[in-house]
Amino acid sequence: MDCEGLAKAWLSAAFEQVAPGCGGGKVVPSKDARFGDWQCNDAMGIAKRAGRNPRELAQAVVGALPLPEILEKAEVAGPGFINLTLSAQALAKGVEALADDAALGVPQVGAGERVVIDYSSPNVAKPMHIGHIRSTVIGNAIDRILRALGYAVIADNHLGDWGTQFGILILGYREFLTDEERADLTVELLERAYVRSYARTKEDPAWLDRCREELVRLQAGDEANLATWRRFIEISMGEFNRIYGRLGVTFDLWRGESFYQPMLAPMVETLKEKGLATQSEGAWIVDLRDEGLEVAIVRKRDGGFNYTTTDLATVRSRVEEFDPARIIYVTDERQQLHFRQFFRICEKIGLCGKARLQHVWFGLMRLPDATFSTRQGNVIKLETLLDEAAARARAIVDESHPDWPERERAALAEAIGIGAIKYADLSHDPATMIVFTWDKALALDGNSGPYLQYANARMNSLLAKYREAVGKEPAAQTLAIASPAEKALALHLLQYPNAVARAGELCKPSILADYLYQLSQLYSSFYQGSPVLKAEPATRDARIRLCDATSKVLRGGLALLGIPTPERL
Ligand code: ARG
């Protein structure tokens with residue numbers, strides 16, 4: 001058991017003796033080193049409920065059992081806080097054990113339980129825009145964190161590859177693109193054809209009719225239209241895959257909305273059988289107004305289905321196929337009503353099995369006007385953002401390392417650019433709006449991706465220097481905690497498993513990002529006050545072991561956020 005587990009076990013046993021059946025024994029890190037390393041605040045609540053004096057109760061708990069070896073002392077303060085101080089020896093052993101564990105102490109709480117994460121999910125024939133970046137980056141971090149916690153994650157990219165827009169697009173593609181353009185098709189051309197065709201539907205009813213006919217043909221399985229539609233998907237996937245490749249994002253499944261088409265009519269039938277769907281002006285709706293959730297249309301007047309129907313059918317299919325414990329959806333805040341509606345409908349008809357449905361929504365990222373040196377149109381495309389990030393990082397790299405090989409500089413610039421964008425996104429609570437600025441995202445000395453990448457690279461170089469100069473392996477040395485800065489760093493290292501667990505439980509990668517930023521700050525205060533290579537051998541070896549543990553945790557944590565960690569920077 002780790003130090004924290006041992007301390008908790010001791011405290012819980014003591015509480016059990018003093019106040020049987022009342023619980024108690026949780027510990028949290030102390031905010032202030034004067035109050036010990038960890039504290040337990042349970043005595044107050046328990047005393048209050050039992051009508052006892054809280055300070056006396058705390059005192060009795062502390063004295064109930066002999067102090068375990070891992071603790072140096074346990075003291076009562078104020079109205080009944082129990083402050084615990086870890087022994088330096090136990091702390092050192094705890095950090096060593098964490099660093100030696102391949103999982104870095106991250107608890108396997110998932111125990112193989114299945115979780116489906118539906119994220120990124122861009123729409124075919126449209127460029128991935130800036131709104132999709134947060135879904136992709138946050139969703140992928142949650143995916144990685146849950147896997148690390150031992151969940152059996154199924155990452156599903158729920159592409160928007162079906163719907164009325166395809167009638168408009170097919171006609172636009174045939175009428176507005178030249179033969180050459182069709183031969184050399186890009187998402188940009190498709191988008192242009194769509195925009196023109198859509199505009200025409202607004203002013204020309206005959207055009208609108210023709211779009212509808214193309215859609216009906218597609219839905220009826222017309223070979224020519226199906227082939228055209230497949231081509232749209234292929235072209236879009238090419239672009240999406242290019243971006244996912246750059247972002248280091250992979251999926252287990254690519255089940256677009258089209259996959260669920262055959263299940264939509266039966267879904268509406270179920271809703272009717274359960275008495276949930278009612279007819280209104282020729283459409284089928286689920287009326288949720290008395291629950292404050294408005295009306296959800298499940299079948300339109302023209303017979304078409306919509307987003308809610310598809311999502312309902314998708315839940316049914318996922319539950320039948322995977323029987324997941326949880327399904328997590330990551331989208332922007334504008335879809336909150338949609339998710340609340342269809343979650344409610346699932347509950348009402350018992351569609352979700354044992355699955356807990358969870359919508360992780362995020363605010364939109366706002367980009368000040370000066371964000372792009374070249375700005376095309378008013379939709380900001382994800383790829384343009386990545387290119388710009390890499391170009392700006394390249395300028396920084398070229399300036400500091402003009403002598404490095406071209407290939408390394410290019411790769412480094414890409415890693416810094418991607419790291420900057422991802423971290424700018426992940427370091428904020430998903431539910432807040434971000435104002436993105438390059439200065440902040442690329443700052444080498446603030447709370448940024450490049451700052452953490454830089455800290456990691458500097459640790460690598462220190463470890464390499466030690467190996468070279470001393471001829472020993474940092475990880476094989478024995479840790480000893482001497483100074484307050486070392487102690488603060490070591491205590492924070494022990495919190496890594498908790499940070500990962502909390503980030504996963506709450507689906508907030510920002511918790512892990514905050515943890516890592518604090519880690520790098522604690523490391524730098526330690527490093528500034530404690531020379532490593534120049535210290536005398538015993539101290540040097542003890543300190544390098546601490547550096548090695550910090551480097552492992554930093555690298556491991558950045559990997560869970562999906563942030564690349566270049567060897568040198
Ligand atoms: N394609 C949608 C969009 O771009 C997101 C889909 C999210 N997933 C879902 N199951 N509804 O807005």
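Position 1 is the first residue of the sequence, and the numbers go up from there. Both ligands and their constituent atoms are indexed starting at 1 by order of listing.
Near His158, with a cut-off below 4.0 Å to any heavy atom, the atoms of ligand 1 are 8 (N), 9 (C), 10 (N). For ligand 1, the atoms lying closer than 4.0 Å to a non-hydrogen atom of Asn123 are 1 (N), 2 (C), 3 (C), 4 (O).
Checked against Tyr119 for a ring pair (Phe, Tyr, Trp, His ring centres under 6.0 Å), the options Tyr244, Phe251, Trp361 give a single hit: Phe251.
In this structure, Thr331 has a heavy atom closer than 4.0 Å to ligand 1. Using a 4.0 angstrom heavy-atom cutoff, Phe339 counts as in contact with ligand 1.
Both tests pass for Arg182 against the ring of Tyr173: distance under 6.0 Å to the centre and angle within 45° of the axis. Judged by the 6.0 Å distance and 45° axis criteria, Arg255 is positioned over the aromatic ring of Phe259.
Between Arg318 and ligand 1, no pair of N/O atoms sits closer than 3.5 Å. By the 3.5 Å distance cut-off applied to N or O atoms, His338 is not counted among the residues near ligand 1.
Ionic pairing of Glu188 and Arg192 is not present here: no N-O contact between side-chain nitrogen and carboxylate oxygen is shorter than 4.0 angstrom. With salt bridges taken as basic N to acidic carboxylate O contacts below 4.0 Å, none links Asp387 and Arg242.
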- Would Tyr307 and Trp162 satisfy ring pair (Phe, Tyr, Trp, His ring centres under 6.0 Å), going step by step from the backbone distance to the final call? CA-CA 10 Å; Tyr307 199 39; Trp162 199 253; over 10 Å; no
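For His492 and Tyr515, the distance between ring centers is under 6.0 angstrom.
For Asp311, every heavy-atom contact with ligand 1 shorter than 4.0 Å involves the side chain, none the backbone.
The protein heavy atom nearest to atom 2 (C) of ligand 1 is Ser121 O, 3.6 Å. For atom 12 (O) of ligand 1, the closest non-hydrogen atom on the protein side is Gln335 NE2, 2.9 Å. With respect to atom 8 (N) of ligand 1, the closest heavy atom belonging to the protein is Asp118 OD1, 3.1 Å.
Taking all heavy atoms of Tyr307, Tyr260, Tyr329 into account, the minimum distance to atom 7 (C) of ligand 1 is reached by Tyr307.
Trp207 and Ser197 share a donor-acceptor pair across their side chains, judged by distance under 3.5 Å alone.
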